[in-house]
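To start, the structure under review is shown below, and the notes come after it.
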Amino acid sequence: MGKVSSDTSSRMRTGARTGARRISKKEALRRYQGFMLIVGVAMICLLIVFMAAFAANLRRENTQLQKDNEYLQAEIDSLNDQIGEATNVDQIEKVATEEYGMVHPDSQNCIAISSQKNTNSDLAATIKDEAYS
C-alpha cells in the first residue's frame with residue numbers, strides 16, 4: 001500500500017509542477033462552443049459595420065447623382081427656353097432686320113415668275129431681265 005500512495009503523490013506533484021489541469025471532454029466542448037459563439041457574434045458585428053458603411057456610401061452617391069440630375073435638368077430647361085426664343089417668328093424677324101439688314105419685300109424688290117414655261121433656259125438671265133426691266 002505504501003507503493004500506491006507514493007504513485008499518487010508523485011502524480012500530484014507532477015501536476016502541480018506543470019500547472020496543468022486536466023479538463024474533461026465536456027468542459028473542452030463547452031469552452032470551444034463558447035469561443036465559437038464569441039467569434040460568430042464578432043463576425044456579425046463586423047458585417048453590420050461594413051453594411052452600414054456601404055449604405056452610407058450609397059446614400060452619398062445617390063445624393064450626388066440627384067444634384068447632378070437637378071443641374072442637368074435646369075440646363076435642359078434653359079436650352080429649351082433658348083430654343084423657344086430663337087424659333088419665335090418675331091425674334092427671327094428682329095435679328096434679320098437689325099443684324100443682317102434684311103427688309104420686307106415691296107413691289108420694287110419683288111420679281112414675278114409666271115407659271116408659263118419660259119423658252120429662255122437661263123434662270124439667271126431671266127431674273128436679271130425681270131429685275132432691271
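Residues take their numbers from the sequence shown, with the count starting at 1. The structure displayed is predicted, hence computed values, not measured ones.
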At what distance, to the nearest 0.5 angstrom, does CG of Leu58 lie from OG1 of Thr63? 10.5 Å

Check: Glu75 and Leu72 side chains under 4.5 Å, non-hydrogen atoms: yes

Looking at every heavy atom in both Ile23 and Arg31, which two are closest together, and how far apart are they? CD1-NH1, 4.0 Å

Asn69 and Gln73: side-chain donor and acceptor closer than 3.5 Å? no

Do Tyr32 and Met43 sit in one hydrophobic cluster, given that two such residues count as connected whenever their side-chain heavy atoms are within less than 4.5 Å of each other, even indirectly? yes

Please round to the nearest 0.5 Å and tell me the distance separating atom CG of Asn88 and atom NZ of Lys94. 10.5 Å

The reported gap from NZ in Lys67 to CD in Glu70 (rounded to nearest 0.5 angstrom) is 9.0 Å

Distance, nearest 0.5 Å, that separates CD of Glu85 from CG of Asp81: 6.5 Å

Which heavy atom of Arg60 sits nearest to which heavy atom of Asn57, and what is that distance? NH2-OD1, 2.8 Å

Looking only at the side chains, is there a donor atom on one of Arg59 and Asn62 sitting less than 3.5 Å from an acceptor on the other? no

Strictly below 4.0 Å, N to O, side chains only: are Glu27 and Arg30 in salt-bridge contact? yes

